[in-house]
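Worksheet for the structure shown next.
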Amino acid sequence: MRQKIVAGNWKMNLDYAEGLALFNEVSDLIKTDITGVQQAIVCSPFIHLQSLAALAKGNIAVGAQNAHQNESGAYTGEISAKMIASVGAAYVILGHSERRQYFGETNGLLAKKTDTVLKHNLKPIFCIGETLQEREANTHFDVIKSQLVEGIFHLSADDFAKVVIAYEPVWAIGTGVTATADQAQEIHAFIRKEIAAKYSQAVADGITILYGGSCNPKNAPELFAKEDIDGGLIGGASLKARDFVDILKVFN
Ligand code: PEP
């Protein structure tokens, strides 16, 4: 059985007190509403991480939204994987489309970030996904394959097994437009097939592949019912405790 995960990406939202309040609300709702073994992950801004990691218990874990590729040094304003691990976070989102778009993150850079994150025993939530133009030009399968090959297919099978993949079509992020469950399933099955070809069917069968892009409590049941969709990476809806936990509740 693959691990079912619902990860919240708070992005650059919530000040310190607001973040703590939301996390406590989510934790309380999880205690009362979640009966399964699904994993909740809250990926907060860096300023919240230490406090949230200290509060995280049971099936709720904490992650960062980025990490620098280098170990340490003269990189003003950056945060290292070692620092993230040192405060008790367990996951790091890498390659989110906003990082690719606004900060020029390439597959090659993300391969380095993945290595550094894994070296510090953090689990990458590695995001891939095509833009609208790429889908309309029918190049989406090639784009996804390049993101996999150049970003994470250099890993050993042991390291690869620690990665969570998030398929996030860029045209569905924050737009209110969701990929249909069939569109998402088609890409998730493609990703799993590529993993099986590169590693093995056993490795492919064990990898959790999340869907992200305007996922909410209404559309999550249909998406998560698909064979290859193992949960979600949630942006907007993760800022509302009730919505986030209702999405997690789909796996009860
Ligand atoms: C995201 O940013 O990863 C995301 C999926 O955002 P939203 O749910 O708001 O589309």
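Just follow the structure's listing: the first ligand is 1, and inside any ligand the first atom is 1. Numbering of residues begins at 1 and proceeds along the displayed sequence.
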Practice problem: Measure the distance from atom 5 (C) of ligand 1 to every protein heavy atom, then report the residue, atom name and distance (to 0.1 Å) of the closest one. | Solution: E168 OE2, 3.1 Å

Self-check item: Identity and separation of the nearest protein heavy atom to atom 4 (C) of ligand 1
Solution: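 Closest protein heavy atom to atom 4 (C) of ligand 1: G235 N, 3.5 Å.
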
For ligand 1, which atoms, with element, lie under 4.0 Å from some heavy atom of [X]?
X    : value
A172 : 10 (O)
L233 : 3 (O), 5 (C)
H96  : 1 (C), 2 (O), 3 (O)
G213 : 5 (C), 10 (O)

Quiz prompt | Test log, rule salt bridge (charged side-chain N to carboxylate O under 4.0 Å, His left out), inputs R192 and D205 | solution = CA-CA 7 Å; R192 212 177 294 286; D205 287 342; 5.4 Å; no

Self-check item: Close approach of S97 to ligand 1, heavy atoms, under 4.0 angstrom
Solution: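 Checking ligand 1 against S97, which is what was asked, there is no heavy-atom contact under 4.0 Å.
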
Quiz item: Do any heavy atoms of A237 fall under 4.0 Å from ligand 1?
Solution: no

Polar atom proximity, [X] to ligand 1 (N or O, under 3.5 Å):
X    : value
G236 : yes
K11  : yes
G174 : yes

Exercise. May I ask you to identify, for S238, whether its side chain, its backbone, both or neither come under 4.0 Å of ligand 1 on a heavy-atom basis?
Key: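 Neither; no heavy atom under 4.0 Å.
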
Self-check item: Proximity of I173 to ligand 1 by residue part, where a heavy atom lies under 4.0 Å
Solution: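 Both the backbone and the side chain of I173 come within reach of ligand 1.
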
Look at [X] together with [Y] and state whether they make a salt bridge at an N to O cut-off of under 4.0 Å.
X    : Y    : result
K240 : D246 : no
E130 : R135 : yes
K113 : E105 : yes
K112 : D115 : no
K145 : E194 : yes

Quiz item: According to the ring-ring contact (aromatic ring centres under 6.0 Å, His included) rule, which pairs have a member within residues 191-217, sequence neighbours left out?
Solution: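 Of all non-adjacent pairs touching residues 191-217, those that pass ring-ring contact (aromatic ring centres under 6.0 Å, His included) are F153-Y199, F160-Y199.
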
Practice problem: In sequence, state the C-alpha distance, the side-chain angles, and the governing distance for E71 and K119, and then conclude on salt bridge (charged side-chain N to carboxylate O under 4.0 Å, His left out). | Solution: CA-CA 10 Å; E71 284 294 323; K119 186 172 163 205; 3.1 Å; yes

Self-check item: Pairing residues for H188 by the ring pair (Phe, Tyr, Trp, His ring centres under 6.0 Å) criterion, not counting sequence neighbours
Solution: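 Y167.
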
